[in-house]
Trainee: 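Handing you this structure, nothing more for now.
Labels below follow one simple rule: chain letters A, B, ... track the order of the sequence lines, proteins then strands, and each chain is numbered from 1.
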Amino acid sequence: MLRLLASRIAQVIPVLFVMSLAVFALTDLLPGDPTITVLGENATPQQREVLRKEMGLDRPAPLRYLDWMGRTLSGDLGRSLRTREPVTAMIAARLPVTVELTILSMLVASLIGIPLGIAAALKPNSWIDFAVSVTALAGMALPFFWAGILLIRLFSIQLGWLPPSGYVPIWVDPVRNLTLMVLPSLTVGGAMAGLIMRQTRSAMLQTLGQDFIRTARAKGVPERTVVVRHGLRSALLPVVTVIGLQSGALIGGAVVTETIFSLPGLGTMIVDGIFQRDFAVIQGALLTVVLAVVVVNLLTDLTYGLLDRRVRLA
Amino acid sequence: MNPLPALAAAASEKATQSGPTLAVSDLRISAKRDRKSVELLRGVSFHVASGETLALVGESGCGKSITSLAVMGLLAPGLSMSGEVALTDAGGRIDLVALSAAERRKLCGRRLGMIFQEPMTSLNPMQRVGDQIAETLTTHGICSRQEAARRAVAMLDRMGIADPGRRALALPHELSGGMRQRVMIAMAMIGEPDLLIADEPTTALDVTVQAQILELIRDLSRERGMATLFISHDLAVVADIADRVAVMYAGEIVETGPIDQVLDAPLHPYTIGLIASRPALSTERRARLSAIFGAVPEPGRRPQGCAFHPRCSLAKPGLCDVGDVPLKRFDGRDVRCLRVGERVQA
Ligand SMILES: Nc1ncnc2c1ncn2[C@@H]1O[C@H](COP(=O)(O)OP(=O)(O)OP(=O)(O)O)[C@@H](O)[C@H]1O
Ligand SMILES: [Mg+2]
């Protein structure tokens, strides 16, 4: 297990390096002048030139990257050009929102996807199977934006059951927080549920056709136990893998969905940063997202190892 | 071979009166292939009394496994069956075909035990073998979890597995093929079933291990007075363990009778060929027939008349290639051959 951990971490380092290059290049290529962000539209060219020197923007890109990387590695992500607030503090305030949305979405996706996938696998080619497949396809085909807006229209505007947007930290008012999170996590989780459903269905079908399932039945094990204890346990492996592999998309979905529901997470931070040409903010938030995706993938690998005793023992 | 046939016969007679008997009659199984119904089993009938071992023998694909699965009620969903399968004892007759799934489940593991053909794939790869054995007991609420675990270890010990306490914690892939097969047997035996079905329990093993496993099954079934349906494609294996034998060919029983009679003086040309292809069993009298040429017909490509006639050196045109051949009583056995009378007299 420790060897597995070490080798996975070793694989992650080059990935992080490439991603940091990409983040830096992306912000560097972004059109716009950061001095406008700081000085406003009315500053003189001389004032701008002085500021550019001060910010080191006159130096070549590779040097600036090394500078930035050095500071980032020492934990200093700089300050917002606009508000002068430290970027690390901004991330610390917004990360919990994105993390909560991601976790809730994953929960929603699993709670919808796994049981429906099992139901479909238990009666292949039945009407349940058909209905589940069509729903799954629809869920995967709908863009987040559209699904989110549809949900708001239905549940907030027409039925008035749920608030359309806003945010309260979970430690301030847990009930209000969860109520506000229902629609966003349905938006992201619903989209992911289709994939989990399909994966669960096929993994379950494959497992239920195996000889050891027949052995369990020959022992007189009740069908529900056969499905859960013998079937699901094996079938969960590929499902967890898919959830893990999709975590990137999930975090991405959370980031996009935040803006629809005005949740103050990393997603809105990135979007605001882009509109305001606030480079340090964009870079910091993007890096955090990248790091999160990488860490979640790592955790998936390790969970896989825990679930599959054969991997752990090998 | 059976050293005391008279005694064994008497024992099985006694058992018939008290213990349960499995009776299968006119079992037919068909599969859908390319929208056509293909008959895999064409009316198989046999019975096994308690304390008795019936061997089902035949080449690969003749329908041995589907017969046993039909008895257990575990046929693949794509297969359909008709016919009767019943377990009769002093308490009455249980129609296994008519049972609901829940009622059948109560019998499986407790009154019906099965050793599957493939010990590698038939064990759950993610569950400790001790737990898999104990599950038979806990499922039926026969005893507590701790007691079941203890009995599972004792059963492994009985199977001749060294250090059974530690082995019980192993996963199947950590065990050798022979040990896995012992685990399968322990799993089938621990519920002390009335009927044990063993589907080629030794095929994957080397000869020494094979002999040990056979001895285990034989001892346990004698000890507990089980009715045993023993499936094999190997007549030599069967000679050691069975009281009676039913030889199958292309989904039919072609010859059935007491094991010694069938081995010493086989009547059906297919049985003769099977024995001849086992050098240890053949004698000079049959050497001229030697191994059987050709191959088993695929299901759905069954020839007219006797299914075996294209491979039979004694087949007579105009007789063996038309009409169905019935199973006829001859010399204390049932044989499905139209020429058996003339051949034996000649
Ligand atoms: N689920 C199924 N669907 C269709 N055909 C099947 C199915 N299971 C078995 N068969 C066919 O039924 C025939 C008998 O199969 P069975 O497994 O009983 O053979 P067997 O005598 O046990 O052979 P072996 O010695 O190889 O185990 C074979 O031709 C096989 O292809
Ligand atoms: Mg078989």
Side-chain angles (χ1 to χ4, degrees), chain A residues 1 4 114 118-129 200-241 302-314, chain B residues 65 68-69 71-78 101-129 131-142 169-174 180 183-184 187-191 193 196-197 199:
Chain A
M1 196 67 189
L4 186 72
I114 293 177
I118 294 174
L122 288 183
K123 292 215 163 70
N125 304 322
S126 66
W127 67 266
I128 300 181
D129 187 18
T200 307
R201 178 186 182 273
S202 73
M204 210 52 197
L205 265 182
Q206 208 239 335
T207 309
L208 288 179
Q210 304 248 315
D211 286 354
F212 67 84
I213 294 293
R214 193 174 60 192
T215 309
R217 291 191 177 124
K219 288 191 275 193
V221 176
E223 199 55 32
R224 187 181 305 178
T225 318
V226 169
V227 169
V228 174
R229 190 189 296 162
H230 294 274
L232 194 56
R233 178 100 204 255
S234 301
L236 267 186
L237 279 171
V239 174
V240 167
T241 312
L302 299 181
T303 316
Y304 188 90
L306 278 180
L307 263 184
D308 189 350
R309 297 183 183 175
R310 286 165 303 180
V311 172
R312 193 173 52 190
L313 289 162
Chain B
S65 293
S68 63
L69 291 172
V71 171
M72 293 294 291
L74 294 173
L75 272 185
E103 288 168 320
R104 179 191 288 282
R105 200 154 52 229
K106 286 189 194 136
L107 298 183
C108 281
R110 191 146 59 167
R111 300 199 61 185
L112 313 175
M114 174 137 187
I115 302 169
F116 287 96
Q117 190 166 357
E118 302 280 346
M120 184 66 227
T121 56
S122 295
L123 293 173
N124 186 335
M126 315 234 303
Q127 198 182 18
R128 299 180 191 285
V129 295
D131 293 345
Q132 299 193 46
I133 298 169
E135 193 174 24
T136 309
L137 298 174
T138 50
T139 282
H140 295 288
I142 292 172
L169 300 179
L171 293 169
H173 75 272
E174 300 169 275
R180 280 198 284 262
V183 168
M184 275 300 309
M187 199 151 64
M189 293 280 197
I190 199 163
L196 175 72
I197 299 177
D199 190 356

Trainee: Which heavy atom of B:I197 sits nearest to which heavy atom of B:S68, and what is that distance?
Mentor: CG2-CB, 3.5 Å
Trainee: Determine whether B:Q127 and B:E135 make a side-chain contact, defined as any pair of heavy atoms from C-beta on separated by less than 4.5 Å.
Mentor: yes
Trainee: To the nearest 0.5 angstrom, please state how far the CD1 atom of A:I213 sits from the OG atom of A:S234.
Mentor: 7.0 Å
Trainee: Tell me yes or no: between the side chains of A:H230 and B:Q132, is some donor less than 3.5 Å from an acceptor?
Mentor: no
Trainee: Output yes when a side-chain donor or acceptor of B:T139 lies under 3.5 Å from a complementary backbone atom of B:T136, and no otherwise.
Mentor: no
Trainee: Rounded to the nearest 0.5 Å, what separation is found between the CG atom of B:D131 and the CG atom of B:N124?
Mentor: 10.0 Å
Trainee: Report the distance from atom CG of A:L205 to atom CD1 of A:I118, rounding to the nearest 0.5 Å.
Mentor: 11.5 Å
Trainee: I'd like to check A:Q210 versus B:T121 (side-chain heavy atoms, cut-off strictly below 4.5 Å). Are they in contact?
Mentor: no
Trainee: Keeping the roles fixed (side chain from A:Q206, backbone from A:A203), state whether a donor-acceptor pair exists under 3.5 Å.
Mentor: no
Trainee: Please flag which part of B:M187 lies under 4.5 Å from any non-hydrogen atom of chain A: side chain, backbone, both or neither.
Mentor: side chain
Trainee: About how many Å separate NE2 of B:H173 and CE of B:M126, when rounded to the nearest 0.5 Å?
Mentor: 11.5 Å
Trainee: Would you mind checking which part of B:L123 comes under 4.5 Å of any heavy atom in chain A, side chain (CB onward), backbone (N, CA, C, O), both or neither?
Mentor: backbone
Trainee: At under 4.5 Å between heavy atoms, what parts of residues 109-119 of chain B are in contact with chain A? List them by residue number.
Mentor: B:G109, B:L112, B:F116, B:E118
Trainee: By number, which residues in residues 216-224 of chain A have some heavy atom less than 4.5 Å away from chain B?
Mentor: A:R217, A:A218, A:K219, A:G220, A:V221, A:P222, A:E223
